[in-house]
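This chain uses plain numbering: 1 for the first residue, then up along the sequence. Just so you know, ligand 1 is whichever comes first in the structure, and atom 1 is the first atom listed for that ligand.
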Amino acid sequence: MNKKQKRWRNRIIIALALFAAAFAVEESGLLATLFGTPGDVYASFVLFFVPYLIAGYKTLLEAARNIRRGDPFDEAFLMSVASLGAFAMVFFPDTDPHMAEGAAVMLFYQVGELFQSYAVGQSRKSIAAMMDIAPEYANVEKDGELVEVDPAEVAVGETIVVKPGERVPIDGVVTDGVSQLDTAALTGESVPRHVEPGADVISGCVNMTGVLRVRTTKPYGESTVARILELVENASEKKARTENFITRFARVYTPAVTLSALALAVIPPLAGMGAWSDWILRGLTFLVVSCPCALVISVPLSFFGGIGGASRLGILVKGSNYLELLAHVDTVVFDKTGTLTSGTFNVVAIHPEAGVDPDYVLSMAAHAESFSDHPIAVSVRAAYSGEIDRERIAEAREESGHGVSARVNEHLVLVGNDKLMAEHGAAWHDCDLTGTILHVTVDDEYVGHIVIADVVKEDAEKAIRDLHAAGVRRCVMLTGDRQDVAEAVAARLGIDEVRAQLLPQDKVDAVERLLAGEKNGARLAFVGDGINDAPVLMRADVGIAMGAMGSDAAIEAADVVLMDDRPSKIAQAMRVARKTMRIVWQNIVFAIGVKVLILVLAAFGVANMWLAVFGDVGVAMIAILNAMRCMRAE
Ligand code: ADP
Ligand code: MG
């Protein structure tokens, strides 16, 4: 509890104690002996009004302020009118006094409010704690001394030192040291990751065992940590339809029940159906019950919890609307490279043309690819053991979905698929191996091709299986790769449909067509690593990006980001989304159901104010506790 909540709690405790004392004094009949009748009624009015004011003065002030602003209809208003009304029954001397109820309404309302504020604070805190990944400093080595500086001031390429127990402040590459990294805060993965010189480290992980020297590869603002924090901060702005519905509902509902309560209090006695005091009391009870606290608070709290629960699993959801959409996904479309496959390719074979040295083919390809970030390019460079001198390369161009072209030592080199060859009118011939074929030409002369094969991610098969088990109707794979490679991968993973040899714009068309075929209310998710599929990520109902390896553009364009690039997280994200929606609807039905029941009872004069106040606060508490279940990730 924070300071404000503690003061609030103390106020409630004092008010409760005074209330209990007042109750005891009233029951003892002491007041009647001291003040006689009707003096005892006024004395007990004072006795109950004191704890009432102590507990509720802020709510009363708020209601007054809202009335002055011309926007009176909220919970504070309902509670103030109902409780003041109960006290005002003192003006009907011939009825039983209702001061105790008036004070009780306000007291229990406060208990409920405090509980709410605590629950909201708790779930915020738990997201914040999970997200407690913001590094406070970075250790930079200056003249052999370690200096703590603001991570934002560290330049790219500088070396920082991360000691055991410290958080990696900035993304970079290990240059020295061996250690284990705890990545749980980012990926929900509890198995530590071993790192040694040459390994990439992402900021936000905790260094566990050894001292690491890290050469930074990004400024702090573009490091993983900063990006995640930004995503989480913006998440609460994107509201789900259900959430907006509840807000709109409350706006219409509160004035409506206020008017109904007024009608209930005024019309029957005017029609001569009974005493004024009786009907006014029913109207007041009606007001207490009608307070929509449970709904207004528990729905956003559930979504908040769902987002928090997902982020515990290393799944960042950028807003509650996406959680809602995710729950209705029945088609999942995957990009192949980098999404279902690891994005590192092994060179299977090099087939040079007659009289050409295979090393020459690989060397030319590696040089031409030297400026590309495509997984193919990275793998070709990794397979080439020689030095790459970037000075010797000019006019490097990337043709997405095709390949690359560049001048290497003044020779024009093309590396890519048959589409690239066709486009440049180069001669080439096919290969009978199954794999991705990189044709290489030098100065329009075909020198041979490199056959590479990508490695299916460890959990890709499980990812598809889990999705089918979760009720996803079809899993589709789109790829720019060759048909035979695509079919081999699809068969292995249990993918339902494949479209191969697609250019990036063809992928958008394919997704458009799939979207058009979606049945009412069913949603389509696209999962990609974002290397030239950001447009598709935007177009899908839910765009899911690989966070660790994905490009910045993809993380920007996506609605959901998987921190550790594991496709099996998609089914997990859907489970969290569905659980959240289930809890949201449970709360809506439960809260409205109980309300309607007590409202009807109140209208018929069966429910008294005691039942009303316990109904209201009790329902709110149960709904809040239920909402907090969303946070627990399975
Ligand atoms: P995917 O749809 O599997 O993610 P891309 O659309 O990125 O694949 O690429 C499709 C195809 O284009 C690749 O299979 C490859 O044949 C060719 N290609 C793309 N980029 C490159 C590159 N940098 N070097 C060589 N070939 C490339
Ligand atoms: Mg790709």
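Remark: ligand 1 atoms within the under-4.0 Å shell around heavy atoms of Leu438 are 25 (C), 26 (N). Residue Asp335 has at least one heavy-atom neighbour below 4.0 Å for each of these atoms of ligand 1: 1 (P), 2 (O), 4 (O). Under a 4.0 Å criterion applied to the non-hydrogen atoms of Val404, ligand 1 contributes the atoms 23 (N). For ligand 1 and Ser372, the ligand atoms under 4.0 Å from any heavy atom of the residue are 23 (N). Listed by atom number, the atoms of ligand 1 under 4.0 Å from Lys507 heavy atoms are 1 (P), 2 (O), 4 (O), 6 (O). Each of the following atoms of ligand 1 lies closer than 4.0 Å to a heavy atom of Glu398: 23 (N).
For Arg482, no heavy-atom contact with ligand 1 is shorter than 4.0 Å. Contact annotation: for Thr479 versus ligand 1, heavy atoms closer than 4.0 Å belong to both the backbone and the side chain. The part of Thr436 lying near ligand 1 is the side chain, judged by heavy-atom distances below 4.0 Å. Residue Asp481 touches ligand 1 through backbone and side chain together, judged by heavy-atom distances below 4.0 Å.
Considering Leu562, Asp529, Ile544 in turn, Asp529 is the only one that fulfils the side-chain contact (heavy atoms from CB on, under 4.5 Å) rule with Thr339.
Remark: ligand 1 and Ile437 share no N or O pair separated by less than 3.5 Å (distance only, no angle test). Between Gly480 and ligand 1, a contact under 3.5 Å exists for at least one N or O pair. Residue-to-ligand polar distances keep Lys336 apart from ligand 1: every N/O pair is separated by 3.5 Å or more.
Heavy-atom distances between Glu399 and ligand 1 stay at or above 4.0 Å for every pair. Residue contacts with ligand 1 leave out Lys419, since none of its heavy atoms falls under 4.0 Å from the ligand. Residue Pro504 places no heavy atom under 4.0 Å from ligand 1.
In this structure, Lys507 pairs ionically with Asp335, as a charged nitrogen and a carboxylate oxygen lie closer than 4.0 Å. Checked for salt-bridge contact, Asp176 and Arg213 meet the test: a charged N lies under 4.0 Å from a carboxylate O. Salt bridge Glu324/Arg523: absent, no basic N to carboxylate O contact under 4.0 Å. Between Asp430 and Arg482 there is a salt bridge, with a side-chain nitrogen of the basic residue lying less than 4.0 Å from a carboxylate oxygen of the acidic one.
Within the 4.5 Å cutoff, no side-chain heavy atoms of Trp428 are placed close to those of Ile437.
The heavy atom nearest to atom 16 (O) of ligand 1, out of those in Asp529, Asn417, Ile452, is found in Asn417.
In this structure, Glu458 places its CD atom where only 12 or fewer heavy-atom neighbours from other residues, nucleotides or ligands lie under 6.0 Å away.
Between the side chains of Thr159 and Glu141, no donor-acceptor pair is found at a separation under 3.5 Å. A donor-acceptor contact closer than 3.5 angstrom links the side chains of His429 and Glu353.
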| said: As a quick check of understanding, evaluate salt bridge (Lys or Arg N to Asp or Glu O under 4.0 Å) for Lys457 and Asp565, giving each step before the final call. | reply: CA-CA 9 Å; Lys457 280 188 194 169; Asp565 290 3; 5.0 Å; no
